[in-house]
Amino acid sequence: MNKYDSDIIKTLLLDEDFEDVSTPEEANFVLINTCSVREHAEKRAIGRLNSLKGLKNKKPEVIIGVLGCMAKELPDLINHPVVDFLAPPDSYRNLVKWIKAKKNGLIPEYKNEQYSNIFISPNNISSYLSITRGCNYFCSYCIVPYSRGYLRSRPPNEIIKEAENLVKNGVREITLLGQNINAYYYKGVDFPGILKKVAGIKEIERLNFLTSHPKDIPLSLFDVMAEHKNVTNYLHLPLQSASNRILMRMRRGYTIQDYMSLVNKGRKILPDLTLTTDILIGFPGEKDEDFKETIMAVKKIRFDQSYMFAYSERKSTLSALFNDNLEERIKNNRLRYLIEVQNEITEEKAHALKGKELEVLVVDKAKKGGKIGKSKNGKIIIVNGVAKIGSSYIVKINRINGWVPIGEIKKEV
Ligand code: SAH
Ligand code: SF4
(Lines give C-alpha, C1' and ligand atoms only; values in the text may rest on other atoms or scores of the structure.)
(Ligands and ions follow the chains in the order given, each with its own letter.)
Protein backbone atom coordinates (compact mmCIF):
# COMPACT_ATOMS: atom_id res chain seq x y z
CA MET A 1 0.00 0.00 0.00
CA ASN A 2 2.86 2.36 0.82
CA LYS A 3 4.57 1.54 -2.45
CA TYR A 4 1.40 2.51 -4.28
CA ASP A 5 1.07 5.68 -2.19
CA SER A 6 4.68 6.56 -3.04
CA ASP A 7 3.74 6.26 -6.72
CA ILE A 8 0.77 8.60 -6.14
CA ILE A 9 3.11 11.15 -4.52
CA LYS A 10 5.61 10.76 -7.34
CA THR A 11 2.87 11.29 -9.93
CA LEU A 12 1.65 14.44 -8.13
CA LEU A 13 5.19 15.84 -8.01
CA LEU A 14 6.20 14.93 -11.58
CA ASP A 15 3.00 16.63 -12.82
CA GLU A 16 4.31 19.84 -11.24
CA ASP A 17 7.68 19.55 -12.99
CA PHE A 18 9.60 18.14 -10.05
CA GLU A 19 12.24 15.58 -10.95
CA ASP A 20 13.32 12.49 -9.07
CA VAL A 21 17.00 11.86 -8.31
CA SER A 22 18.73 8.72 -7.19
CA THR A 23 20.46 9.80 -3.93
CA PRO A 24 19.44 12.11 -1.04
CA GLU A 25 22.66 14.11 -1.63
CA GLU A 26 21.39 15.28 -5.05
CA ALA A 27 17.94 16.24 -3.74
CA ASN A 28 16.48 19.58 -2.68
CA PHE A 29 13.85 17.76 -0.69
CA VAL A 30 13.67 14.25 0.71
CA LEU A 31 10.42 12.44 1.49
CA ILE A 32 10.34 9.34 3.66
CA ASN A 33 7.17 7.26 3.43
CA THR A 34 6.60 5.36 6.66
CA CYS A 35 4.63 2.50 8.23
CA SER A 36 3.37 2.24 11.84
CA VAL A 37 2.02 -1.29 11.81
CA ARG A 38 4.84 -2.58 14.02
CA GLU A 39 7.45 -0.90 16.20
CA HIS A 40 10.20 -2.41 14.06
CA ALA A 41 9.00 -0.48 10.98
CA GLU A 42 8.96 2.75 12.99
CA LYS A 43 12.47 2.14 14.31
CA ARG A 44 13.79 1.62 10.79
CA ALA A 45 12.27 4.88 9.60
CA ILE A 46 13.73 6.76 12.57
CA GLY A 47 17.12 5.21 11.80
CA ARG A 48 16.74 6.52 8.26
CA LEU A 49 15.93 10.01 9.54
CA ASN A 50 18.95 9.90 11.87
CA SER A 51 21.15 8.96 8.93
CA LEU A 52 20.10 12.22 7.22
CA LYS A 53 21.56 14.40 10.02
CA GLY A 54 24.91 14.78 8.20
CA LEU A 55 23.15 15.85 4.99
CA LYS A 56 20.99 18.40 6.83
CA ASN A 57 24.10 19.84 8.55
CA LYS A 58 25.99 20.15 5.28
CA LYS A 59 22.98 21.41 3.31
CA PRO A 60 20.53 23.07 5.76
CA GLU A 61 18.30 24.20 2.88
CA VAL A 62 17.32 20.61 2.06
CA ILE A 63 13.68 20.02 3.07
CA ILE A 64 12.87 16.70 4.75
CA GLY A 65 9.32 15.40 5.11
CA VAL A 66 7.93 12.35 6.91
CA LEU A 67 4.99 10.83 5.01
CA GLY A 68 2.48 8.13 5.85
CA CYS A 69 1.25 6.57 9.07
CA MET A 70 4.09 7.75 11.33
CA ALA A 71 3.27 11.34 10.34
CA LYS A 72 -0.20 10.74 11.72
CA GLU A 73 0.66 8.62 14.75
CA LEU A 74 3.82 10.33 16.00
CA PRO A 75 3.26 14.11 15.82
CA ASP A 76 6.32 14.69 18.06
CA LEU A 77 8.46 13.68 15.08
CA ILE A 78 8.21 17.32 14.02
CA ASN A 79 10.82 17.98 16.76
CA HIS A 80 13.31 15.57 15.17
CA PRO A 81 16.33 17.66 14.14
CA VAL A 82 16.03 16.85 10.41
CA VAL A 83 12.24 16.94 10.00
CA ASP A 84 10.55 19.96 8.38
CA PHE A 85 7.04 18.65 7.84
CA LEU A 86 4.72 15.71 8.46
CA ALA A 87 2.36 14.48 5.72
CA PRO A 88 -0.22 11.89 6.90
CA PRO A 89 -1.77 9.43 4.38
CA ASP A 90 -4.66 11.59 3.16
CA SER A 91 -2.68 14.84 2.84
CA TYR A 92 -0.67 14.23 -0.30
CA ARG A 93 -2.63 16.58 -2.55
CA ASN A 94 -1.43 19.41 -0.26
CA LEU A 95 2.17 18.26 -0.40
CA VAL A 96 3.21 20.14 -3.54
CA LYS A 97 1.84 23.46 -2.24
CA TRP A 98 3.59 22.85 1.03
CA ILE A 99 6.96 22.15 -0.54
CA LYS A 100 6.71 25.12 -2.88
CA ALA A 101 5.82 27.44 0.02
CA LYS A 102 8.61 25.88 2.15
CA LYS A 103 6.12 25.51 5.01
CA ASN A 104 6.85 23.50 8.16
CA GLY A 105 4.54 21.52 10.43
CA LEU A 106 1.67 19.08 9.94
CA ILE A 107 0.03 19.05 6.48
CA PRO A 108 -3.79 18.91 6.77
CA GLU A 109 -5.56 15.81 5.42
CA TYR A 110 -8.55 15.73 3.04
CA LYS A 111 -11.74 14.06 4.18
CA ASN A 112 -12.88 11.07 2.08
CA GLU A 113 -9.63 11.13 0.10
CA GLN A 114 -9.34 8.32 -2.46
CA TYR A 115 -6.83 9.81 -4.92
CA SER A 116 -9.41 8.68 -7.41
CA ASN A 117 -8.52 10.77 -10.40
CA ILE A 118 -4.77 10.27 -10.07
CA PHE A 119 -3.39 7.73 -12.46
CA ILE A 120 0.09 6.60 -11.52
CA SER A 121 2.82 6.15 -14.13
CA PRO A 122 4.02 2.56 -13.94
CA ASN A 123 7.72 1.83 -13.39
CA ASN A 124 7.66 -1.60 -15.01
CA ILE A 125 5.26 -4.24 -16.30
CA SER A 126 3.81 -4.95 -12.84
CA SER A 127 1.80 -2.37 -10.97
CA TYR A 128 -0.35 -1.95 -7.88
CA LEU A 129 -3.80 -0.41 -8.06
CA SER A 130 -5.52 0.55 -4.83
CA ILE A 131 -9.29 0.05 -4.83
CA THR A 132 -10.01 0.86 -1.19
CA ARG A 133 -8.41 3.00 1.48
CA GLY A 134 -8.61 2.50 5.24
CA CYS A 135 -10.34 -0.20 7.28
CA ASN A 136 -13.34 -0.38 9.60
CA TYR A 137 -12.52 -3.60 11.42
CA PHE A 138 -10.57 -2.51 14.49
CA CYS A 139 -8.82 -5.81 15.17
CA SER A 140 -7.64 -5.28 18.73
CA TYR A 141 -3.89 -5.16 17.89
CA CYS A 142 -4.01 -3.06 14.73
CA ILE A 143 -3.23 0.60 14.19
CA VAL A 144 -4.43 0.78 10.56
CA PRO A 145 -8.00 2.09 11.19
CA TYR A 146 -6.50 4.92 13.26
CA SER A 147 -3.64 5.82 10.93
CA ARG A 148 -5.39 5.28 7.58
CA GLY A 149 -8.96 6.04 8.57
CA TYR A 150 -12.25 4.33 7.77
CA LEU A 151 -12.96 2.21 4.69
CA ARG A 152 -13.54 4.02 1.41
CA SER A 153 -14.19 2.18 -1.86
CA ARG A 154 -13.14 3.74 -5.12
CA PRO A 155 -15.79 4.02 -7.85
CA PRO A 156 -15.59 1.15 -10.40
CA ASN A 157 -15.25 3.48 -13.40
CA GLU A 158 -12.17 5.14 -11.83
CA ILE A 159 -10.63 1.72 -11.16
CA ILE A 160 -11.25 0.60 -14.74
CA LYS A 161 -9.85 3.87 -16.10
CA GLU A 162 -6.70 3.49 -14.04
CA ALA A 163 -6.30 -0.18 -15.05
CA GLU A 164 -6.73 0.75 -18.74
CA ASN A 165 -4.20 3.53 -18.34
CA LEU A 166 -1.69 1.12 -16.77
CA VAL A 167 -2.18 -1.35 -19.60
CA LYS A 168 -1.73 1.43 -22.17
CA ASN A 169 1.60 2.17 -20.51
CA GLY A 170 2.84 -1.40 -20.87
CA VAL A 171 1.63 -3.01 -17.65
CA ARG A 172 0.82 -6.73 -17.92
CA GLU A 173 0.38 -7.62 -14.25
CA ILE A 174 -1.87 -5.69 -11.86
CA THR A 175 -2.29 -6.26 -8.14
CA LEU A 176 -5.47 -4.75 -6.72
CA LEU A 177 -4.92 -3.44 -3.21
CA GLY A 178 -7.02 -2.91 -0.10
CA GLN A 179 -6.35 -3.42 3.61
CA ASN A 180 -9.34 -5.68 3.54
CA ILE A 181 -10.08 -5.98 -0.15
CA ASN A 182 -13.18 -8.17 0.16
CA ALA A 183 -14.96 -5.35 1.97
CA TYR A 184 -14.96 -3.40 -1.33
CA TYR A 185 -18.47 -2.14 -2.06
CA TYR A 186 -19.57 0.68 -4.33
CA LYS A 187 -23.22 1.19 -5.31
CA GLY A 188 -24.08 -2.48 -5.77
CA VAL A 189 -20.63 -3.60 -6.97
CA ASP A 190 -18.89 -5.92 -4.48
CA PHE A 191 -15.38 -7.34 -4.63
CA PRO A 192 -16.10 -10.31 -6.92
CA GLY A 193 -17.97 -7.78 -9.10
CA ILE A 194 -15.05 -5.37 -9.47
CA LEU A 195 -12.59 -8.25 -9.90
CA LYS A 196 -14.68 -9.55 -12.78
CA LYS A 197 -14.81 -6.10 -14.40
CA VAL A 198 -11.03 -5.61 -14.20
CA ALA A 199 -10.39 -9.18 -15.37
CA GLY A 200 -12.44 -8.29 -18.46
CA ILE A 201 -9.55 -6.06 -19.64
CA LYS A 202 -7.95 -8.65 -21.85
CA GLU A 203 -4.50 -7.00 -22.03
CA ILE A 204 -4.05 -7.79 -18.32
CA GLU A 205 -2.20 -11.05 -18.29
CA ARG A 206 -2.04 -11.50 -14.50
CA LEU A 207 -4.50 -10.03 -12.02
CA ASN A 208 -3.79 -10.43 -8.30
CA PHE A 209 -5.42 -8.98 -5.21
CA LEU A 210 -4.37 -8.31 -1.62
CA THR A 211 -5.35 -8.65 1.28
CA SER A 212 -8.34 -10.89 1.89
CA HIS A 213 -10.01 -11.07 5.29
CA PRO A 214 -11.28 -14.59 6.13
CA LYS A 215 -14.50 -13.22 7.57
CA ASP A 216 -15.86 -11.80 4.36
CA ILE A 217 -14.79 -13.93 1.43
CA PRO A 218 -17.88 -14.95 -0.52
CA LEU A 219 -17.61 -18.32 -2.27
CA SER A 220 -18.42 -16.55 -5.53
CA LEU A 221 -14.89 -15.13 -5.32
CA PHE A 222 -13.42 -18.56 -6.04
CA ASP A 223 -15.80 -18.95 -8.98
CA VAL A 224 -14.69 -15.61 -10.45
CA MET A 225 -11.07 -16.72 -10.00
CA ALA A 226 -11.81 -20.02 -11.74
CA GLU A 227 -13.75 -18.39 -14.59
CA HIS A 228 -11.11 -15.80 -15.50
CA LYS A 229 -7.85 -17.17 -16.83
CA ASN A 230 -6.00 -13.94 -16.11
CA VAL A 231 -6.89 -13.93 -12.39
CA THR A 232 -3.97 -15.54 -10.56
CA ASN A 233 -4.87 -18.55 -8.42
CA TYR A 234 -3.24 -16.93 -5.45
CA LEU A 235 -4.84 -16.02 -2.13
CA HIS A 236 -3.22 -14.17 0.73
CA LEU A 237 -5.44 -15.00 3.68
CA PRO A 238 -4.11 -13.86 7.06
CA LEU A 239 -4.84 -16.40 9.80
CA GLN A 240 -3.08 -14.52 12.65
CA SER A 241 -3.71 -17.34 15.16
CA ALA A 242 -5.38 -20.74 15.19
CA SER A 243 -6.57 -20.50 18.79
CA ASN A 244 -10.23 -19.51 18.94
CA ARG A 245 -9.64 -17.87 22.31
CA ILE A 246 -6.91 -15.64 20.85
CA LEU A 247 -8.85 -14.99 17.62
CA MET A 248 -11.72 -13.75 19.79
CA ARG A 249 -9.42 -11.45 21.79
CA MET A 250 -7.99 -10.20 18.50
CA ARG A 251 -11.57 -9.41 17.40
CA ARG A 252 -11.01 -11.24 14.12
CA GLY A 253 -14.58 -12.43 13.67
CA TYR A 254 -13.86 -16.05 12.60
CA THR A 255 -12.86 -19.32 14.19
CA ILE A 256 -10.18 -21.73 13.03
CA GLN A 257 -13.01 -24.01 11.86
CA ASP A 258 -14.40 -21.20 9.65
CA TYR A 259 -10.92 -20.60 8.28
CA MET A 260 -10.28 -24.27 7.49
CA SER A 261 -13.62 -24.67 5.83
CA LEU A 262 -12.93 -21.62 3.62
CA VAL A 263 -9.51 -23.00 2.64
CA ASN A 264 -11.00 -26.41 1.84
CA LYS A 265 -13.69 -24.85 -0.36
CA GLY A 266 -11.13 -22.66 -2.13
CA ARG A 267 -8.79 -25.60 -2.74
CA LYS A 268 -11.67 -27.68 -4.08
CA ILE A 269 -12.62 -25.05 -6.67
CA LEU A 270 -8.99 -24.10 -7.42
CA PRO A 271 -6.81 -27.20 -6.89
CA ASP A 272 -3.57 -25.35 -7.72
CA LEU A 273 -4.35 -22.43 -5.38
CA THR A 274 -1.25 -20.83 -3.84
CA LEU A 275 -2.11 -19.90 -0.28
CA THR A 276 -0.08 -17.52 1.88
CA THR A 277 -0.85 -16.04 5.27
CA ASP A 278 0.13 -13.64 8.06
CA ILE A 279 0.63 -14.99 11.57
CA LEU A 280 0.91 -12.82 14.64
CA ILE A 281 2.71 -14.64 17.44
CA GLY A 282 2.82 -13.72 21.13
CA PHE A 283 -0.47 -11.83 21.36
CA PRO A 284 -1.21 -10.82 25.00
CA GLY A 285 -2.38 -13.83 26.98
CA GLU A 286 -1.22 -16.38 24.34
CA LYS A 287 -0.54 -19.58 26.27
CA ASP A 288 1.58 -22.54 25.22
CA GLU A 289 -1.63 -24.40 24.22
CA ASP A 290 -2.70 -21.51 21.97
CA PHE A 291 0.70 -21.45 20.32
CA LYS A 292 0.60 -25.23 19.80
CA GLU A 293 -2.79 -24.89 18.08
CA THR A 294 -1.25 -22.38 15.67
CA ILE A 295 1.68 -24.71 14.95
CA MET A 296 -0.71 -27.62 14.36
CA ALA A 297 -2.82 -25.55 11.97
CA VAL A 298 0.29 -24.42 10.05
CA LYS A 299 1.31 -28.06 9.64
CA LYS A 300 -2.18 -29.08 8.59
CA ILE A 301 -2.93 -26.24 6.17
CA ARG A 302 0.60 -26.18 4.68
CA PHE A 303 0.74 -22.59 3.52
CA ASP A 304 2.98 -21.94 0.56
CA GLN A 305 4.48 -19.10 2.56
CA SER A 306 3.76 -17.16 5.76
CA TYR A 307 4.62 -13.67 6.87
CA MET A 308 5.24 -14.13 10.58
CA PHE A 309 5.46 -11.37 13.18
CA ALA A 310 5.90 -11.04 16.93
CA TYR A 311 3.19 -8.95 18.57
CA SER A 312 4.16 -5.33 19.02
CA GLU A 313 2.03 -3.06 21.19
CA ARG A 314 0.51 -0.13 19.30
CA LYS A 315 -0.70 3.03 20.95
CA SER A 316 -4.51 3.64 20.91
CA THR A 317 -5.38 0.02 20.07
CA LEU A 318 -7.57 -2.10 22.34
CA SER A 319 -4.88 -4.70 23.05
CA ALA A 320 -2.56 -1.98 24.36
CA LEU A 321 -4.91 -1.95 27.37
CA PHE A 322 -4.51 -5.70 28.02
CA ASN A 323 -2.31 -6.42 30.99
CA ASP A 324 -1.10 -9.89 30.07
CA ASN A 325 1.60 -8.94 27.61
CA LEU A 326 4.20 -11.69 27.09
CA GLU A 327 7.91 -11.34 27.70
CA GLU A 328 9.91 -10.52 24.57
CA ARG A 329 11.94 -13.70 25.10
CA ILE A 330 8.83 -15.91 24.93
CA LYS A 331 7.46 -14.13 21.86
CA ASN A 332 10.80 -14.39 20.07
CA ASN A 333 11.31 -18.07 20.92
CA ARG A 334 7.81 -18.91 19.63
CA LEU A 335 8.35 -16.86 16.51
CA ARG A 336 11.66 -18.58 15.83
CA TYR A 337 10.06 -22.02 16.17
CA LEU A 338 7.13 -21.09 13.92
CA ILE A 339 9.51 -19.76 11.26
CA GLU A 340 11.43 -23.09 11.34
CA VAL A 341 8.20 -25.07 10.87
CA GLN A 342 6.98 -22.88 8.01
CA ASN A 343 10.37 -22.75 6.29
CA GLU A 344 10.45 -26.52 6.10
CA ILE A 345 7.00 -26.56 4.49
CA THR A 346 7.92 -23.75 2.07
CA GLU A 347 11.03 -25.69 1.06
CA GLU A 348 9.13 -28.96 0.59
CA LYS A 349 6.52 -27.17 -1.55
CA ALA A 350 9.27 -25.63 -3.68
CA HIS A 351 10.94 -29.04 -4.18
CA ALA A 352 7.62 -30.50 -5.28
CA LEU A 353 7.85 -28.21 -8.33
CA LYS A 354 11.07 -29.86 -9.56
CA GLY A 355 10.64 -31.29 -13.05
CA LYS A 356 7.30 -29.51 -13.60
CA GLU A 357 6.59 -27.30 -16.63
CA LEU A 358 4.80 -24.03 -15.83
CA GLU A 359 3.58 -21.08 -17.84
CA VAL A 360 5.53 -18.11 -16.55
CA LEU A 361 5.20 -14.38 -17.24
CA VAL A 362 8.59 -12.66 -17.04
CA VAL A 363 8.16 -9.53 -14.93
CA ASP A 364 11.62 -8.20 -14.06
CA LYS A 365 15.38 -8.77 -13.94
CA ALA A 366 16.57 -10.91 -11.02
CA LYS A 367 19.25 -9.45 -8.76
CA LYS A 368 21.63 -12.40 -9.09
CA GLY A 369 21.19 -13.06 -12.82
CA GLY A 370 18.30 -14.42 -14.87
CA LYS A 371 14.80 -12.96 -14.79
CA ILE A 372 11.95 -13.02 -12.30
CA GLY A 373 8.86 -14.81 -13.54
CA LYS A 374 5.39 -15.42 -12.12
CA SER A 375 3.44 -18.61 -12.65
CA LYS A 376 -0.31 -18.62 -13.17
CA ASN A 377 -0.77 -19.39 -9.50
CA GLY A 378 1.49 -16.60 -8.34
CA LYS A 379 4.68 -18.55 -7.69
CA ILE A 380 7.94 -16.66 -8.19
CA ILE A 381 10.28 -18.51 -10.52
CA ILE A 382 13.79 -17.51 -11.60
CA VAL A 383 13.98 -17.94 -15.37
CA ASN A 384 17.30 -18.64 -17.05
CA GLY A 385 17.95 -18.23 -20.77
CA VAL A 386 17.00 -15.39 -23.11
CA ALA A 387 13.71 -14.15 -21.70
CA LYS A 388 11.98 -10.88 -22.56
CA ILE A 389 10.26 -8.93 -19.79
CA GLY A 390 6.53 -8.95 -20.56
CA SER A 391 6.60 -12.25 -22.48
CA SER A 392 5.28 -15.60 -21.30
CA TYR A 393 7.13 -18.88 -21.59
CA ILE A 394 6.75 -22.53 -20.69
CA VAL A 395 9.52 -23.03 -18.15
CA LYS A 396 10.81 -26.35 -16.84
CA ILE A 397 11.84 -26.21 -13.18
CA ASN A 398 15.19 -27.96 -12.92
CA ARG A 399 16.54 -26.90 -9.53
CA ILE A 400 15.61 -25.23 -6.28
CA ASN A 401 17.86 -22.71 -4.57
CA GLY A 402 16.75 -22.47 -0.92
CA TRP A 403 13.08 -22.34 -1.74
CA VAL A 404 13.32 -20.42 -4.99
CA PRO A 405 12.52 -22.57 -8.05
CA ILE A 406 14.85 -22.02 -11.00
CA GLY A 407 13.89 -23.05 -14.51
CA GLU A 408 14.89 -23.14 -18.19
CA ILE A 409 12.74 -21.89 -21.04
CA LYS A 410 11.12 -24.60 -23.15
CA LYS A 411 9.19 -22.37 -25.52
CA GLU A 412 7.50 -18.99 -25.82
CA VAL A 413 3.72 -18.94 -25.33
N1 SAH B 1 -5.63 -6.21 6.67
C2 SAH B 1 -4.82 -7.33 6.91
C3 SAH B 1 -3.53 -6.99 7.67
C4 SAH B 1 -2.88 -5.68 7.54
S5 SAH B 1 -1.54 -5.39 8.64
C6 SAH B 1 -5.61 -8.36 7.71
O7 SAH B 1 -6.67 -8.12 8.16
O8 SAH B 1 -5.09 -9.44 7.94
C9 SAH B 1 -0.37 -6.61 8.07
C10 SAH B 1 0.02 -7.62 9.11
O11 SAH B 1 0.79 -7.01 10.13
C12 SAH B 1 -1.12 -8.28 9.87
O13 SAH B 1 -1.68 -9.31 9.14
C14 SAH B 1 -0.51 -8.73 11.16
O15 SAH B 1 -0.05 -10.06 11.08
C16 SAH B 1 0.66 -7.76 11.33
N17 SAH B 1 0.37 -6.83 12.43
C18 SAH B 1 -0.61 -5.90 12.50
N19 SAH B 1 -0.58 -5.27 13.69
C20 SAH B 1 0.45 -5.83 14.37
C21 SAH B 1 0.99 -5.64 15.68
N22 SAH B 1 0.45 -4.77 16.52
N23 SAH B 1 2.07 -6.36 16.04
C24 SAH B 1 2.62 -7.27 15.19
N25 SAH B 1 2.14 -7.52 13.96
C26 SAH B 1 1.07 -6.80 13.56
FE1 SF4 C 1 -5.92 -4.11 10.72
FE2 SF4 C 1 -6.56 -5.84 8.80
FE3 SF4 C 1 -7.85 -5.87 11.11
FE4 SF4 C 1 -8.22 -3.85 9.41
S5 SF4 C 1 -8.77 -6.00 9.07
S6 SF4 C 1 -7.95 -3.69 11.60
S7 SF4 C 1 -6.16 -3.64 8.55
S8 SF4 C 1 -5.66 -6.34 10.77
Side-chain angles (χ1 to χ4, degrees), residues 1-5 34-44 68-70 72-74 89 128 130-153 175-185 191 208-217 235-243 246-254 256 258-259 262-263 275-286 291 294 297-298 303 305-322 324-326 328 330-332 334-335 338-339 342:
M1 195 64 93
N2 263 10
K3 278 191 180 166
Y4 180 78
D5 276 5
T34 61
C35 170
S36 279
V37 84
R38 282 174 293 278
E39 195 186 4
H40 179 66
E42 289 185 349
K43 281 196 174 146
R44 278 182 55 198
C69 293
M70 283 173 71
K72 177 101 156 222
E73 292 300 320
L74 301 173
Y128 290 118
S130 173
I131 68 166
T132 69
R133 283 184 86 75
C135 177
N136 288 346
Y137 276 175
F138 292 94
C139 299
S140 61
Y141 52 81
C142 183
I143 204 166
V144 169
Y146 304 93
S147 56
R148 285 190 167 266
Y150 61 92
L151 174 81
R152 284 143 284 164
S153 297
T175 302
L176 302 178
L177 293 180
Q179 289 297 338
N180 166 20
I181 202 156
N182 301 102
Y184 177 89
Y185 189 82
F191 181 63
N208 319 307
F209 55 90
L210 290 170
T211 289
S212 295
H213 193 300
K215 111 170 150 187
D216 44 27
I217 291 204
L235 186 66
H236 182 62
L237 193 65
L239 170 65
Q240 312 300 3
S241 169
S243 152
I246 296 296
L247 285 172
M248 181 107 88
R249 290 192 106 200
M250 287 177 165
R251 294 171 49 107
R252 286 293 284 177
Y254 53 85
I256 180 63
D258 298 332
Y259 188 95
L262 189 62
V263 166
L275 183 71
T276 61
T277 198
D278 289 352
I279 297 178
L280 203 171
I281 274 308
F283 187 75
E286 183 190 73
F291 175 62
T294 301
V298 166
F303 296 105
Q305 208 171 337
S306 298
Y307 300 88
M308 299 161 277
F309 313 104
Y311 172 73
S312 129
E313 186 176 301
R314 305 284 67 207
K315 184 183 90 200
S316 17
T317 61
L318 182 64
S319 65
L321 303 173
F322 296 175
D324 43 7
N325 228 332
L326 301 188
E328 287 304 308
I330 298 182
K331 287 196 264 183
N332 291 335
R334 286 185 185 165
L335 180 63
L338 171 69
I339 290 174
Q342 177 60 50

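We count ligands from 1, going down the list as the structure has it; atoms in each ligand are counted the same way. From a predicted model like this one, the values you see are computed outputs, not experimental measurements.
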Taking only heavy atoms of [X] into account, list the atoms of ligand 2 that are under 4.0 Å away from them.
{"X": "Arg252", "result": "3 (Fe), 8 (S)"}
{"X": "Pro145", "result": "6 (S)"}
{"X": "His213", "result": "5 (S)"}
{"X": "Val144", "result": "7 (S)"}

Please tell me whether [X] and [Y] have a donor and an acceptor in their side chains that are separated by less than 3.5 angstrom.
{"X": "Ser36", "Y": "Glu42", "result": "yes"}
{"X": "Tyr259", "Y": "Arg252", "result": "no"}
{"X": "Thr175", "Y": "Tyr4", "result": "no"}

Donor-acceptor contact below 3.5 Å, side chain Asp258 vs main chain Tyr254: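 Answer holds: no.
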
Tell me whether Asn136 contacts the main-chain N or O of Leu151 through its side chain, where contact means a donor paired with an acceptor under 3.5 Å.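 Yes, because the side chain of Asn136 sits within donor-acceptor range (under 3.5 Å) of the backbone of Leu151.
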
Looking at atom 1 (Fe) of ligand 2, is one of the N, O or S atoms of Cys135 less than 2.8 Å from it?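 Coordinating: no.
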
Polar contact flag for [X] and ligand 1 (N/O pairs, less than 3.5 Å):
{"X": "Thr211", "answer": "no"}
{"X": "Asn180", "answer": "no"}
{"X": "His213", "answer": "no"}

Closest protein heavy atom (residue, atom, distance) for [atom]:
{"atom": "atom 1 (Fe) of ligand 2", "answer": "Cys142 SG, 2.3 Å"}
{"atom": "atom 8 (S) of ligand 2", "answer": "Tyr141 OH, 3.4 Å"}
{"atom": "atom 11 (O) of ligand 1", "answer": "Arg38 NH1, 2.8 Å"}
{"atom": "atom 1 (N) of ligand 1", "answer": "Gln179 O, 2.5 Å"}
{"atom": "atom 19 (N) of ligand 1", "answer": "Tyr141 CD1, 3.3 Å"}
{"atom": "atom 7 (O) of ligand 1", "answer": "Arg252 NH1, 3.0 Å"}
{"atom": "atom 21 (C) of ligand 1", "answer": "Ser312 O, 3.5 Å"}
{"atom": "atom 20 (C) of ligand 1", "answer": "Val37 O, 3.6 Å"}

Lys NZ or Arg CZ of [X] over [Y] ring: under 6.0 Å, within 45°:
{"X": "Lys215", "Y": "Tyr137", "value": "yes"}
{"X": "Arg38", "Y": "Phe309", "value": "yes"}
{"X": "Arg251", "Y": "Phe138", "value": "no"}
{"X": "Arg148", "Y": "Tyr146", "value": "no"}

Compute the centroid of each ring, for Phe191 and then for Phe209, and state whether the two points are separated by less than 6.0 Å.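 They qualify: ring centres under 6.0 Å apart.
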
Taking only heavy atoms of [X], which atoms of ligand 1 are found under 4.0 Å from at least one of them?
{"X": "Phe309", "answer": "10 (C), 11 (O), 15 (O), 16 (C), 25 (N)"}
{"X": "Tyr311", "answer": "23 (N), 24 (C)"}
{"X": "Asp278", "answer": "9 (C), 10 (C), 12 (C), 13 (O), 15 (O)"}
{"X": "Arg314", "answer": "22 (N)"}

Under-4.0 Å heavy-atom contact with ligand 1, by part of Gln240 that carries it: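 Side chain only; the backbone of Gln240 stays clear of ligand 1.
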
Which bit of Cys135 gets closer than 4.0 Å to ligand 1, counting heavy atoms only: side chain, backbone, both or neither?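 Neither part.
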
I'd like to know whether ligand 1 has Glu39 as a neighbour, heavy-atom separation below 4.0 Å.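 Per 4.0 Å heavy-atom rule, Glu39 does not contact ligand 1.
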
Heavy-atom distance to atom 6 (S) of ligand 2: which of Cys139, Gly134, Pro238 wins?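 Closest candidate by heavy-atom distance is Cys139.
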
If we only consider heavy atoms of Arg251, is any one of them less than 4.0 Å away from an atom in ligand 2?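 Flag not set, Arg251 not near ligand 2.
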
Starting from the C-alpha separation in whole Å, work towards a yes-or-no answer on side-chain hydrogen bond (donor to acceptor under 3.5 Å, both in side chains) for Glu313 and Asn325. CA-CA 9 Å; Glu313 186 176 301; Asn325 228 332; 2.8 Å; yes

Could you tell me whether Lys315 atom NZ has more than 12 heavy atoms of other residues or ligands within 6.0 Å of it?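 More than 12 within 6.0 Å, yes.
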
Give the intermediate values and the outcome of salt bridge (charged side-chain N to carboxylate O under 4.0 Å, His left out) for residues Lys331 and Glu286. CA-CA 9 Å; Lys331 287 196 264 183; Glu286 183 190 73; over 6 Å; no

Let me confirm one number: the CG-SG distance from Asp5 to Cys35, rounded to the nearest 0.5 Å.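 If I round to the nearest 0.5 Å, the distance is 11.0 Å.
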
Between Leu176 and Leu210, is any pair of side-chain heavy atoms under 4.5 Å apart?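 They are not in side-chain contact.
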
Hey, is Phe138 touching ligand 2 through its side chain, its backbone, both or neither, going by heavy atoms under 4.0 Å?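 Near ligand 2, Phe138 shows its backbone, while the atoms from C-beta on stay back.
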
